[in-house]
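Down below is the structure, laid out as structure tokens.
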Amino acid sequence: MTTMKLWATNKNGKEITIHANAVVVATGGFGANEEMYTQYREDLKGFSTTNHPGATGDGIVLAQTIGAAVVDMKEIQTNPTVEVTTNTVISETVRGKGTIMVNQSGERFTSEMLTRDVLSSAILEQEGQVAYLIFDERVMNSMAALKANYEKGIIFKGETIEELASLINIDADSLEATLVEWNGFVKNQNDPTFTRETGMEEDLSQAPYYAVRVKPAVHYTMGGLKINTLTEVLTENNVPIKGLYAAGEVTGGVHGANRLGGNAVADIMVFGRQAGIQASSYASTLQKKTLVLPVEEISTTKAKGNYVDGTYEGIGKGREGDITVKIIVENSSITSIEIISNNETPGLYEAARDGIVEEIIKTQSIEVDTVTGATETSKGILAAVKDALK
């Protein structure tokens with residue numbers, strides 16, 4: 001197509017037609033459209049949302065009417081810590097400062113530092129499908145956002161643990177026992193219950209105490225219009241729709257199954273810029289512009305190993321049990337590392353495996369960093385590789 005037509009209405013309700021050589025769709029996701037997201041995820045029916053009212057997926061539907069394909073529509077991220085009455089997101093930073101999370105029985109039920117999808121699932125298994133973030137005056141004073149939320153009236157405050165427990169209808173003895181236990185874990189720098197490893201620098205012992213009632217809410221839609229590296233919107237047969245571009249949350253296939261926090265900014269900056277370049281070029285010349293990436297100096301030198309050729313197996317202790325690996329050494333270098341068996345947590349396991357295996361082969365060394373958030377699994381893989389190389 002050489003021109004596109006868009007229909008709209010003016011302030012008087014009169015229909016108007018807009019002609020354009022190129023169109024960039026940047027209308028955001030569909031996280032505020034329950035009818036739409038439950039088409040792909042029935043389990044999210046009844047969920048609240050952190051999205052603005054305009055995130056209804058209209059741009060996706062509009063593009064589909066002219067043959068646009070969609071991808072990853074069922075990949076919908078929930079934020080686990082959203083205040084239940086106002087849908088206010090309580091930042092991960094709060095947990096990173098030492099906050100714990102308890103259920104209606106006043107007990108911790110998971111490591112508070114796991115990924116959003118894992119924490120959301122854990123909360124939904126609790127009574128009432130809610131949880132409470134519990135913290136003290138130290139944490140409150142460390143964040144202006146918490147003080148603002150307290151002023152909004154969405155944070156409970158108790159001068160004592162007993163008073164706080166009464167406000168949130170939790171057994172005081174149970175909540176106090178949980179806090180005493182947690183403070184002991186911090187003192188010993190060891191959480192034997194859920195193996196939490198971060199956000200344990202200081203305990204929760206400075207009264208008064210605070211609680212926020214939270215539940216998972218729809219937060220980000222990874223699915224959307226299928227695009228290529230030029231941000232051209234594609235058909236089901238991967239054919240670009242000439243003159244149609246898309247960027248931001250309206251697109252799919254950029255973040256995979258679970259977007260990393262902050263990566264939406266990278267998405268809109270990279271693909272937004274690309275969409276602007278391509279749409280402008282096409283509109284003026286009706287030709288797409290070749291993608292030009294920044295020049296990057298890439299080293300072609302590969303590390304050389306000093307191992308005996310062969311195939312070896314080894315076992316290491318991961319977070320959930322033994323991890324078994326098979327290693328192939330050719331021409332004195334490790335060329336393949338395969339995880340034969342493991343019982344690690346899905347999501348964390350894949351992150352550790354991909355990061356560790358790639359780095360070992362790249363450096364030909366087991367002196368590599370563990371993967372943040374999957375430390376014990378990483379250590380298990382490294383131990384298994386070391387065992388095999390013996």
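Computed from a predicted model, the values in this text were never measured in an experiment.
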| Nearest heavy atoms of V71 and G252, plus distance in Å | CG1-C, 3.3 Å
| Taking C-beta and beyond as the side chain, do D203 and K187 meet within less than 4.5 Å on heavy atoms? | no
| task | State, to 0.1 Å, how close T178 and G106 come at their nearest heavy-atom pair, and which atoms those are. | result | OG1-O, 2.5 Å
| In terms of side-chain heavy atoms, does T86 have a donor or acceptor partner in K152 at a distance below 3.5 Å? | no
| query | Is a side-chain donor-acceptor pair under 3.5 Å present for K226 with N238? | reply | yes
| query | Shared ILVMFWY cluster between I315 and I328, side chains joined below 4.5 angstrom? | reply | no
| query | Mind checking whether F185 and T193 have side chains closer than 4.5 Å, heavy atoms only? | reply | yes
| Going through the checks in order, is the side-chain contact (heavy atoms from CB on, under 4.5 Å) test met by V218 and R41? | CA-CA 11 Å; V218 172; R41 289 279 303 276; over 6 Å; no
| request: May I ask you to decide if the ring planes of Y220 and H255 are parallel, tilted or perpendicular, using 30° and 60° as cut-offs? | output: perpendicular
| request: To the nearest 0.5 angstrom, please state how far the OH atom of Y282 sits from the CG atom of L230. | output: 13.0 Å
| task | Report the distance from atom OG1 of T56 to atom CD of E34, rounding to the nearest 0.5 Å. | result | 13.5 Å
| query | Should we count CG of D369 as having more than 12 external heavy atoms under 6.0 Å? | reply | no
| field | Test side chain to side chain donor-acceptor pair (under 3.5 Å) applied to E232 - qualifying residues, sequence neighbours left out | value | N228
| Is there side-chain contact between I134 and Y209, with at least one heavy-atom pair below 4.5 Å? | no
| At what distance, to the nearest 0.5 angstrom, does OG1 of T78 lie from NZ of K215? | 12.5 Å
| message | Would you say CD of Q189 has more than 12 non-hydrogen atoms from neighbouring residues, nucleotides or ligands within 6.0 angstrom? | response | yes
| task | Supply the atom-to-atom distance E107 CD to S174 OG, rounded to the nearest 0.5 angstrom. | result | 4.5 Å
| said: Tell me whether the count of non-hydrogen atoms from other residues, nucleotides or ligands lying under 6.0 Å of CD in Q39 goes above 12. | reply: yes
| query | Checking salt bridge (Lys or Arg N to Asp or Glu O under 4.0 Å) against E112, which of R196, R95, K97 comes through? | reply | R196
| said: Looking only at side-chain N and O atoms, does T17 offer a donor or acceptor that is under 3.5 Å from a partner on E15? | reply: no
| request: Carefully, step by step, assess S205 and N183 under the rule side chain to side chain donor-acceptor pair (under 3.5 Å). | output: CA-CA 8 Å; S205 58; N183 288 340; 5.2 Å; no
| Can you check whether A247's main-chain N or O pairs, donor with acceptor, with T251's side chain at less than 3.5 Å? | no
| said: If you compare all heavy atoms of M73 against all heavy atoms of G224, which two are closest, and at what distance to 0.1 Å? | reply: SD-N, 3.4 Å
| task | Evaluate the criterion side-chain contact (heavy atoms from CB on, under 4.5 Å) for residue pair Y349 and I339; output intermediate values, then yes/no. | result | CA-CA 10 Å; Y349 157 67; I339 311 297; 3.3 Å; yes
| Taking every non-hydrogen atom, the tightest pair across K157 and E163 | O-OE2, 4.2 Å
| said: Could you tell me if D117 and T115 have a donor-acceptor pair between their side chains, going purely by distance under 3.5 Å? | reply: yes
| note | Only one of R108, Q126, Q129, E125 passes side chain to side chain donor-acceptor pair (under 3.5 Å) with N103, and that residue is Q126
| task | Output, in order, the C-alpha distance, side-chain angles, deciding distance and verdict of side-chain contact (heavy atoms from CB on, under 4.5 Å) for L62 and V25. | result | CA-CA 9 Å; L62 181 65; V25 184; over 6 Å; no
| Polar contact flag, side-chain donor to acceptor under 3.5 angstrom, N79-T50 | no
| message | Between E197 and T375, is there a side-chain donor-acceptor contact under 3.5 Å, judged purely by atom types and distance? | response | yes
| said: Could you check whether Y37 and F30 have their ring centres less than 6.0 Å apart? | reply: no
| message | To the closest 0.5 Å, what do you measure between OG1 (T99) and CG (L146)? | response | 7.0 Å
| message | Assess the residue pair V214 and V82 against the criterion (side-chain contact (heavy atoms from CB on, under 4.5 Å)); give the C-alpha distance rounded to whole Å, side-chain angles, the decisive distance to 0.1 Å, and a yes or no. | response | CA-CA 5 Å; V214 296; V82 177; 5.8 Å; no
| said: I'd like to know if I268 and Y245 are part of one continuous hydrophobic network [Ile/Leu/Val/Met/Phe/Trp/Tyr, side-chain heavy atoms within less than 4.5 Å]. | reply: no
| query | Strictly by modelled atom types, are T221 and E249 linked by a side-chain donor-acceptor pair under 3.5 Å? | reply | yes
| request: May I ask you to check whether T235 and N237 show a side-chain donor-acceptor distance below 3.5 Å? | output: no
| request: Hey, could you give me the NZ/CD1 distance between K386 and I327, rounded to the nearest 0.5 Å? | output: 12.5 Å
| query | So do the side chains of M140 and Q206 get within less than 4.5 Å of each other, counting heavy atoms only? | reply | no
| task | Indicate if M222 and V250 have the same hydrophobic cluster label, given that clusters are the connected sets of ILVMFWY residues with side-chain heavy-atom separations under 4.5 angstrom. | result | no
| Crowded around N188 CG? As in, over 12 foreign heavy atoms under 6.0 Å? | yes
| Under 6.0 Å from the CD atom of E35, do we count more than 12 heavy atoms belonging to anything else shown? | no
| field | Close side-chain approach of V325 to Y312, heavy-atom, < 4.5 Å | value | no
| Given side chains that start at C-beta, do those of N149 and V212 come closer than 4.5 Å, heavy atoms only? | no
| query | Where is the tightest heavy-atom contact between I323 and A384, given as atom of each residue plus distance? | reply | O-CB, 3.5 Å
| note | Taking every heavy atom of T345 against every heavy atom of E320, the minimum-distance pair comes out as OG1-OE2, 4.0 Å
| said: Is there a path of hydrophobic side-chain contacts, each under 4.5 Å between heavy atoms, that joins L389 and V368? | reply: yes
| remark: Per side-chain contact (heavy atoms from CB on, under 4.5 Å), V102 is matched among L179, L133, I170, I168 by I170
| Would you say V89 and I155 are hydrophobically clustered, going by side-chain heavy atoms of ILVMFWY under 4.5 Å? | no
| request: Inspect the surroundings of CD in E338 and state if more than 12 heavy atoms from other residues, nucleotides or ligands are less than 6.0 Å away. | output: yes
